[in-house]
Amino acid sequence: LETSLKANSFVRSVLPMTKGQPRQLFLDRLAEQARRLEQRGGRMIFFMPPLFPELEAMVLKQPDVGDYLRHTKSAIAQWAEQNKLVVFDFGPSEKFGCVASEFGDGVHGAWPCYRKAFDAAWRTHPGLF
């Protein structure tokens, strides 16, 4: 957790640089690809990746970057709603039983954590898969 919150970390450099605003061009392109897939009978599912256990909660408490993460999450949720898309938020990985050893660093989870998160999504939304 300490490393993920240091001055030159991803959290402290990328969130302030973007002010938590996702690139609209990328979101528009993803929504278009999802529409094209749906026209062919498929369905695209999106997810926000798992973060190191408790990292999201810690970031949200930080006065310099917490609002940026809240903005990111809000912007993604609005985008999903406007485009009728499904986005799973795996950020609070501890909710899925992920542990520290399942991460290379604060923002790069390994397969065991993703497995837990997607298993939970499948159980919660069996009709999507």
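To the nearest 0.5 angstrom, Thr3 atom OG1 is 12.0 Å from Asn8 atom CG. Considering CZ of Phe52 and CD of Glu102, their distance stands at 10.5 Å, rounded to 0.5 Å. Going from atom CD of Gln21 over to atom OG of Ser74 covers 9.5 Å, rounded to the nearest 0.5 Å. To the nearest 0.5 Å, atom SG of residue Cys98 and atom CD of residue Glu54 are 11.5 Å apart.
Shortest non-hydrogen contact noted between Pro22 and Leu27 is CB-CD1, 3.8 Å. Between Ser9 and Ser4, the closest heavy-atom pair is OG-O, 2.8 Å. Taking every heavy atom of both residues into account, Asp105 and Val107 meet most closely at OD1-N, 3.0 Å.
Proximity of Glu56 to Lys73: side-chain heavy atoms (C-beta onward) are separated by under 4.5 Å at one or more points. Between Val65 and Pro16, some side-chain heavy-atom pair lies under the 4.5 Å cut-off. Contact of the Val59 side chain with the Leu51 side chain is not registered, since no non-hydrogen atoms from C-beta on lie closer than 4.5 Å.
Applying the ring pair (Phe, Tyr, Trp, His ring centres under 6.0 Å) test to residues at least two apart or on different chains, none of the pairs has a partner in residues 16-39. Here ring pair (Phe, Tyr, Trp, His ring centres under 6.0 Å) pairs that include residues 55-81, with residues two or more places apart or in two chains, are Phe46-Trp79. Applying the salt bridge (charged side-chain N to carboxylate O under 4.0 Å, His left out) definition to pairs two or more places apart or across chains, none involves residues 16-26.
Under the 4.5 Å side-chain contact rule for hydrophobic residues, Phe103 and Met58 share a cluster. Phe88 and Met48 fall into different hydrophobic clusters, where Ile, Leu, Val, Met, Phe, Trp and Tyr side chains are chained together by heavy-atom contacts under 4.5 Å. Linking Ile, Leu, Val, Met, Phe, Trp and Tyr whenever their side-chain heavy atoms come within less than 4.5 Å puts Val14 and Leu69 in one cluster. Under the 4.5 Å side-chain heavy-atom criterion for grouping Ile, Leu, Val, Met, Phe, Trp and Tyr, Trp122 is not connected to Met44 through any hydrophobic cluster. Under the 4.5 Å side-chain heavy-atom criterion for Ile, Leu, Val, Met, Phe, Trp and Tyr, Tyr114 and Ile45 are members of the same hydrophobic cluster.
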* side chain to side chain contact (heavy atoms under 4.5 Å, CB included) between Gln62 and Leu15: does it pass, once the steps are laid out? -> CA-CA 12 Å; Gln62 302 300 306; Leu15 282 174; over 6 Å; no
* Kindly determine whether Arg43 and Val86 satisfy side chain to side chain contact (heavy atoms under 4.5 Å, CB included), including the steps that lead there. => CA-CA 9 Å; Arg43 183 160 200 188; Val86 174; 3.3 Å; yes
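The number of heavy atoms from other shown groups lying within 6.0 Å of CD (Gln24) is above 12. Atom NE2 of His108 sits in a sparse spot, with 12 or fewer heavy atoms from other residues, nucleotides or ligands closer than 6.0 Å.
Scored by the salt bridge (charged side-chain N to carboxylate O under 4.0 Å, His left out) test, Glu32 finds Arg35, Arg36 as partners (sequence neighbours excluded). Listed by chain and residue number, Phe47, Phe90 satisfy the ring-ring contact (aromatic ring centres under 6.0 Å, His included) test with Phe118 (two or more places apart in sequence, or in another chain). Applying the salt bridge (charged side-chain N to carboxylate O under 4.0 Å, His left out) test to Asp64 and every residue at least two apart in sequence or in another chain returns Arg12.
Electrostatic pairing of Arg70 and Asp67 counts as a salt bridge here, judged by a charged N lying under 4.0 Å from a carboxylate O.
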